[in-house]
Structures are given as structure tokens and as C-alpha cells.
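Please find one structure pasted underneath; my questions will follow.
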There are 2 protein chains.
Amino acid sequence: MSDNLKPVPAVVIKRLPRYYRYLGELIKQGVPRISSAALSQKMGVTASQIRQDFNYFGGFGQQGYGYNVEHLYTAIGEILGLNNGYSMIIIGAGNMGRALATHGTFEKRGFRLVGIFDNNPELVGKEINGITICHTDELETFLDSEKPKIGILTVPKAAAQSLADILVKHGVAGILNFSYSELKTPAGVSVENVHLSDSLMTLSYKIKEN
Amino acid sequence: MSDNLKPVPAVVIKRLPRYYRYLGELIKQGVPRISSAALSQKMGVTASQIRQDFNYFGGFGQQGYGYNVEHLYTAIGEILGLNNGYSMIIIGAGNMGRALATHGTFEKRGFRLVGIFDNNPELVGKEINGITICHTDELETFLDSEKPKIGILTVPKAAAQSLADILVKHGVAGILNFSYSELKTPAGVSVENVHLSDSLMTLSYKIKEN
DNA sequence: TAGATTGTTAATCGATTAACAATC
DNA sequence: TAGATTGTTAATCGATTAACAATC
């Protein structure tokens, strides 16, 4: 058990949510502990990789015993920052924005949706999941007063970059980008892209192979 | 210019849609050709990687000239199987299903949505994007007669695996899975997962770091 | 032709797997 | 204690980058 010194590769971070999911399942099933070997079999990865991954963050296990499932689950949640209650807003109340606003998993993971914005007057004033849609004109004022941490962009490509600029200017820490474009942001602001058509294209390639 | 022999690493496949996107942009801008060096600067990757990636599929470039943008764009589309007009169905006409059904990019990339299914009687019969929602009871008959290539699962976790089994049983080649679970499918059937909460968690981690 | 830029081989870097001593 | 299983080092594998001869 030692504090982490080595930088954690991005590829390891990307695996953490998957571990988190499997550990959540185990808790539901009332499994109190698990060895890297048993988990490796469940998840289809090597036990070695599991132990290496966890040890980037210090030792969570105990020799001869394995890992305490609940402890490990909590620890990974902590590493991912799920207990920080990060607040987020959705910009773009189209189908995708609405799908995300009503997507229960986000709340379950400790994120709080605090605002929804759209520039369509027909949508402004309507309520989704208990939140009233505001006009994008009010965005900057809102950002300054409420200081949400995360902005979710579900707007057309053409609008994405200028909205991202506004988010950045008013102190958002991260952007979840659903628009078919890549955003330019300064070093301090993280972007995570969800390009649905990319996933479909990758699937398309795989189909061809079979 | 030689036919590919080496197996293409998954990591290269995942990059293809991004190349495709950038090349599409260049076409729009009327750029007829580009060197790996110029493209590398645009995309923020090394020129070496670009050339290596393309050469998994045989040489697309010309020494002293670079790459013909349109030719390369078409070639990558071909590799991804975008010209095959793959048919797809969406199962689950909730917010996410509707968002995908109206997601224009899919059609633009050559995929054809041919059916939408839900088990909620209130939704059955309604129309989305010109397609009438059918009851899930009709799914098997539909699969046998229409033989769609791709199934998009936007249903709750509890329903996902059994629906996936049905899709597999009736010959679907690939599944785009939005449910918060991992599907078991036989070797011949590809699955591409879109776990939105995973993306949010990864973003959450990155925010913490900054 | 001379210059530019690819295709491709070789070198480097990083991630995964294997092995095992430490230890619960 | 004996057995099990981690944490961690070392070996392997694969992916990225660099270099350059081939060639348009």
C-alpha cells in the first residue's frame, strides 16, 4: 500500500468504469470479496492486468484474501470523482439532450443536472425531468451564478465550438461532446467525445470481417 | 501498393472514422490533396502514424505528391463498409431510441433504418422519422422477413440480453448496445458498446486531475 | 531533373503478461 | 502453520515514432 507516483495511463482510466460496473454487480449479488483471478475470469481480462491497474492507485487487496468488493467499489468511485456531486448542464434540448436529461444512471453515479438550455423558443419553458428549459441567451448569466462543473453539448456541429467557448470562458471544467466535431479548448478544460456515428462505423467494419 | 496481409489492430480501426471525418471536411473545403505531414498537423497525430495506418490497407498515396483526398475518403468509407447500405433496427423507442432514429448522420453514412420496436402499447403505432413503431412481439417475424444487419439496443439493462439473443438467433450480424450491461454473443456476432455513463465517469476523472 | 513525400524497415517506447517473493 | 493471493519486478509483446531508400 503506497501512494501512487507513476502517472496513470489513459488506457487504465478508461477501464475503471468497467471495473466499477462489475463490482457494483458483485455487491448486488452479495459477494463480499473476490480475487483478481476470479474477477479476471468474469471480465475476460488477465488477473495480471487487474492487479497492475489497481496498483496504480495503491494496494487495495490483501495477500491470501483478495479484494474486499465494497471497499474496492468505493475506492474506484472515489478515484473517478463520483462522490464530488459534480453539477452539469445540458445544452441542446433535442432528442439527444432529452434522452440524457432523463438518463437515470447519471444521477445514480452522483452527478447533478442543474440546467437545460436551448435556443428554440418552442422548447423554452418546457420541463424535462423537473428542470425547466432556459433560452441559451441566459446561459452566461446562469454559468456565472451556478458555476456548473460539466457542460454536455448536444447541439448541431455548427453551434458546438462557440458554445464550448462560452462554457470555457465561464469556468466549466469539462465538456461531454456529442456533436460531430472536435472542440478546441485550453489545457485546463477536459473534453470527452461521444461520437455515435464513429461507433456505428466501427461496428460496420467488424460486420464486414465476419 | 500491395494487398494487406497483416491483421489490422483494433486501435487502427478505431481511428478510421476520425480520418474519415477530417477527410470529409477537406473535401467540403475543396482541398484536392494532402500530405501526411499536413494532415498530421491538422489532426494532432504523427505523420508516421498516419502513413502506417493507411498502409495496413495498401498504399493510397503517391510519393512526392501525398494523398488524393477524395480517393482516400472513398477508400476509407469502403474499408468501413459504409457503401454496403446496411439495414438496421432500433429496439427501444424511449428517448434514446428516438434520438438515434432522428439522428441524421446515420443515414448520411449509408445506413438504412428499417424498423423500430417497443413493448409499450402507448408507443406502438406512432411514427418516428417515417417509421411506425412495432410491438416487440412482432420482432422475430420482422427479423426473418426483413433480415436487418444491425440491431441497436436502447432498452433497459434487464431486457438487453434476451433481446440480443433473439437478434442473434435470427441472423443479425452486429449489435450497437446502449444498455448498461455487457452482452454475450457468439463469435460471429459483433457488439459495439456505447456506455454513456462510462464516458461521463472518464470525464469526471479528468476534471479531478485539473 | 530536383524536390517532395510516400512506403517500409528499424528503433523506441509503452502496455500487457508472466513470474515469484512478500505476506496475510 | 500452510495455502492463497497480492504487490511488484522482469520478460514479452505490440504499437508508435524515427529514419531513409524508393519513387513520383
Side-chain angles (χ1 to χ4, degrees), chain A residues 1-19 22-23 26 31-73 75-76 79 202 205, chain B residues 1-19 22-23 26 31-73 75-76 79 202 205:
Chain A
M1 170 78 104
S2 71
D3 244 41
N4 168 46
L5 293 171
K6 280 175 285 182
V8 186
V11 72
V12 173
I13 301 304
K14 285 247 180 72
R15 283 198 288 262
L16 291 183
R18 187 154 182 263
Y19 289 128
Y22 273 86
L23 292 166
L26 288 169
V31 178
R33 70 179 166 114
I34 194 159
S35 69
S36 59
L39 188 58
S40 100
Q41 207 168 19
K42 259 194 183 307
M43 297 186 61
V45 298
T46 65
S48 220
Q49 181 167 82
I50 291 175
R51 295 204 298 278
Q52 289 278 25
D53 283 357
F54 292 168
N55 275 92
Y56 275 105
F57 307 99
F60 295 124
Q62 206 173 334
Q63 278 103 330
Y65 173 90
Y67 298 87
N68 177 299
V69 172
E70 261 198 86
H71 173 228
L72 186 56
Y73 181 79
I76 293 178
I79 291 162
T202 307
Y205 177 86
Chain B
M1 170 78 100
S2 70
D3 243 41
N4 168 49
L5 293 171
K6 280 176 286 183
V8 186
V11 74
V12 173
I13 302 303
K14 286 246 180 72
R15 283 198 287 263
L16 292 182
R18 186 155 183 262
Y19 289 128
Y22 274 86
L23 291 166
L26 288 169
V31 178
R33 70 178 168 115
I34 193 159
S35 70
S36 59
L39 188 57
S40 103
Q41 207 168 20
K42 261 196 182 305
M43 297 186 62
V45 298
T46 64
S48 220
Q49 180 166 84
I50 291 175
R51 295 204 298 278
Q52 289 278 25
D53 282 356
F54 292 168
N55 274 93
Y56 275 104
F57 308 98
F60 296 123
Q62 206 172 334
Q63 278 103 326
Y65 174 90
Y67 298 88
N68 177 300
V69 173
E70 260 197 87
H71 173 228
L72 186 54
Y73 180 79
I76 293 178
I79 291 162
T202 307
Y205 177 87

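The analysis underlying the following values was restricted to heavy atoms, covering all of them including side chains, and did not include hydrogens, waters or symmetry mates. Chain letters run A, B, ... following the sequence lines, proteins first, then strands; residues in each count from 1.
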Checklist line | Heavy-atom closest contact (A/Val69 atom, A/Leu23 atom, distance) | finding: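 Distance-wise, the nearest heavy atoms are CG1-O, 3.7 Å.
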
Next item on the list: Output all residues satisfying ring-ring contact (aromatic ring centres under 6.0 Å, His included) with A/Tyr22, sequence neighbours left out; order by chain, then residue number.
Entry: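 Applying ring-ring contact (aromatic ring centres under 6.0 Å, His included) to A/Tyr22 gives none.
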
Checklist line | All ring-ring contact (aromatic ring centres under 6.0 Å, His included) counterparts of B/Phe54, not counting sequence neighbours | finding: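 ring-ring contact (aromatic ring centres under 6.0 Å, His included) list for B/Phe54, sorted by chain: B/Tyr19, B/Tyr67.
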
Next item on the list: Give the minimum heavy-atom separation between B/Ser40 and B/Ala47, together with the two atoms involved.
Entry: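 Result for this residue pair: CB-N, 3.4 Å.
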
Check: Can you name the nearest heavy-atom pair linking B/Ile13 to B/Phe57, along with the distance?
Finding: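 In terms of heavy atoms, the two residues are closest at CD1-CZ, 4.2 Å.
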
Mind listing the N/O atom pairs, protein and nucleotides 4-6 of chain D, below 3.5 Å?
residue: D/dT5; atom: O4'; partner: A/Gly64; partner atom: N; Å: 3.0
residue: D/dT5; atom: O2; partner: A/Gly64; partner atom: N; Å: 3.3
residue: D/dT6; atom: OP1; partner: A/Ser36; partner atom: N; Å: 2.6
residue: D/dT6; atom: OP2; partner: A/Ser36; partner atom: OG; Å: 2.6
residue: D/dT6; atom: O2; partner: A/Gln63; partner atom: NE2; Å: 3.3

Note to self: Testing the basics here: between A/Arg33 and A/Val31, what is the closest heavy-atom pair and its distance to 0.1 Å?
What the structure shows: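 Closest approach of A/Arg33 to A/Val31: O-CG1, 3.3 Å.
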
Next item on the list: Take atom CD1 of A/Ile50 and atom P of C/dT17, then tell me their distance rounded to the nearest Å.
Entry: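 Roughly 11 Å, once rounded to whole Å.
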
Checklist line | Selection residues 46-60 of chain A - residue pairs positive for salt bridge (charged side-chain N to carboxylate O under 4.0 Å, His left out), sequence neighbours left out | finding: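 Every salt bridge (charged side-chain N to carboxylate O under 4.0 Å, His left out) pair that includes a residue of residues 46-60 of chain A, provided the two are not neighbours, is A/Arg15-A/Asp53.
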
Margin query: Dot-bracket for DNA chain C, please. Rules: Watson-Crick or G-U, both distances under 3.5 Å, ( ) within the strand, [ ] when a pair crosses earlier ones, | for another strand, . otherwise.
Written below: ..||||||||||||||||||||||

Check: Which heavy atom in A/Pro7 sits nearest to a heavy atom in A/Tyr56, and how many Å separate them?
Finding: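 Between these two residues, the closest heavy atoms are O-CE2, 3.9 Å.
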
Check: Out of curiosity, A/Thr202 OG1 to B/Leu16 CG, how far, rounded to the nearest 0.5 Å?
Finding: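 Taking OG1 in A/Thr202 and CG in B/Leu16, the distance rounds to 8.0 Å.
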
Note to self: When you compare the side chain of B/Ile79 with that of B/Val8, does any pair of heavy atoms fall below 4.5 Å?
What the structure shows: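 Sidechains of B/Ile79 and B/Val8: no contact.
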
Distances under 3.5 Å only, N/O to N/O: pair up the protein atoms with those of nucleotides 9-15 of chain C.
residue: C/dT9; atom: O4; partner: B/Gln52; partner atom: NE2; Å: 2.8

